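Below, chains carry the letters A, B, ... as their sequence lines are ordered, and counting in each starts from 1. Since we're looking at a predicted model, the values are computed, not measured.
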There are 2 protein chains.
Amino acid sequence: MADSAKPVSRPHRESRKEAAVAVDETQAVQLGELSDLLGYVLKRAQLKVFEDFLRCVAPLQLTPAQFSVLLLLDGNPGRNQTEIANTLGILRPNFVSLLDSLESRDLCSRVRSANDRRSHILMLTDKGRSVLARAKKLVVTKHEARLNELLGPDGRETLLAMLTKIAEDF
Amino acid sequence: MADSAKPVSRPHRESRKEAAVAVDETQAVQLGELSDLLGYVLKRAQLKVFEDFLRCVAPLQLTPAQFSVLLLLDGNPGRNQTEIANTLGILRPNFVSLLDSLESRDLCSRVRSANDRRSHILMLTDKGRSVLARAKKLVVTKHEARLNELLGPDGRETLLAMLTKIAEDF
DNA sequence: TATTGTTATACTCTATAACTATA
DNA sequence: TATAGTTATAGAGTATAACAATA
């Protein structure tokens, strides 16, 4: 509602060209208010962190999602697919192929529950436990260590606390 | 390498059932070490924030990506598609349909550059400027306001600073 | 020869409906 | 009737190759 459709009187000779706004192309585009938008910075940071996670855990070929499943199975024996998937915010249909890939690599297994023969109890295999242990070591010594270096132990704790607050209470 | 394939002597009567590990199903699954993994919490927080952004800006039907494009066009007149897309970390091929949707809603327009007739200068339309202004108001008064309420102004600044550090230097 | 915008394409994530076998 | 796991499918988001127009 400010200026309408360019009734700007066309300038003189030098710049009668279509859209020559005299922009310094060597100058970087300005983020402006975008750099103050929490969601934007949050997303960029998240991508960076996942990228680094993948790099650090590359020797074991685990994605963040796969790692989180193994970690959850280790700490919660006897749970079924629905329970694990729900906890991670993964929809049951999408959890099937994720599990298939882990099971085909012999990292975990589905065991038909005797209590309720509809459900599959999930368990880590020995190989799964071993891979998880090695993955944890990589995450701690490489991935989280780099974050610690960047933020300092205090900064990391502060950040974690605030993100947890957002994830839980926002 | 710890315990091998379940040579566990089968227990007595009561629990001879297949995989009855006596789990309290009413008890929530424990996140365990996952709640200390920065990447995990970061991702969950990011999803929450984007969710709230969409809710707050729903009246204007703008996604975070679309909003960021409008914001960037407003602050950087005379730039072409490649420059804007690169700044946002969007690949040029994927930027085409994003722009198509904005242009079809008359929020921005592509103008063939006179300097380099290969490139399209991007400009906000009057409607684009108007929608952006209204979107900014919604973001500030609803979205960021809620975050401020949760974290406090200081907390929000601290969080932004740390996330920026990760996004830029990690 | 290189670059801009574009098309085509593919792969991952995410989301919903519906089936089967059990309960 | 309802639930667990599954299939099929569709839509975003993201990635690469290649083409036409232009430099």
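Regarding B/Leu47, its CG atom lies at a distance of 13 Å from the P atom of C/dC13, rounded to whole Å. Between B/Arg112 atom CZ and C/dT6 atom C1' the separation is 10 Å, expressed in whole Å. In this structure, A/Lys43 places its NZ atom 11 Å from C1' of D/dA12, rounding to the nearest Å. One atom, CG of A/Asn80, and another, P of D/dT3, lie 13 Å apart when rounded to the nearest Å. Here D/dT7 presents its C1' atom at 17 Å from CG of A/Leu98, a figure rounded to the nearest Å. Note: CZ (B/Phe95) to P (C/dT6) measures 10 Å, nearest angstrom. For B/Asn86 and D/dT14, the CG to P distance is 14 Å, given to the nearest whole Å. Residue A/Arg92 contributes atom CZ, which lies 16 Å from atom C1' of C/dC19 at whole-angstrom precision.
Here the side chain of B/Ser113 pairs no donor or acceptor atom with the backbone of B/His120 at under 3.5 angstrom.
Ion pairing between a basic and an acidic side chain is recognised when a charged N comes within 4.0 Å of a carboxylate O; A/Glu25 and B/Arg79 show no such pairing. For the pair B/Lys136 and A/Glu33, the salt-bridge criterion is met [side-chain N within less than 4.0 Å of a carboxylate O].
Between B/Phe67 and A/Tyr40, the gap from one ring centroid to the other reaches at least 6.0 Å.
Map A/Gly89 and A/Arg118 each onto its nearest nucleotide of DNA chain C; the residue landing nearer the 5' end is A/Gly89.
Around atom NZ of B/Lys142, no more than 12 heavy atoms belonging to other residues, nucleotides or ligands sit under 6.0 Å away.
Between A/Arg110 and D/dT6 there is a side-chain N or O to OP1 or OP2 distance below 4.0 Å. Between B/Ser119 and C/dT3 there is no side-chain polar atom (N or O) within less than 4.0 angstrom of OP1 or OP2.
Nearest nucleotide to the side chain of A/Arg117, out of C/dG5, D/dA17, C/dA23: C/dA23. Listed nucleotides: C/dG5, C/dA8, D/dT6. Nearest to the side chain of B/Pro93: C/dA8. Residue B/His120 has its side chain nearest to C/dT6 when only C/dT6, C/dT16, D/dT6 are considered.
If you check every strand for non-hydrogen atoms under 4.0 Å, B/Asn94 touches a base.
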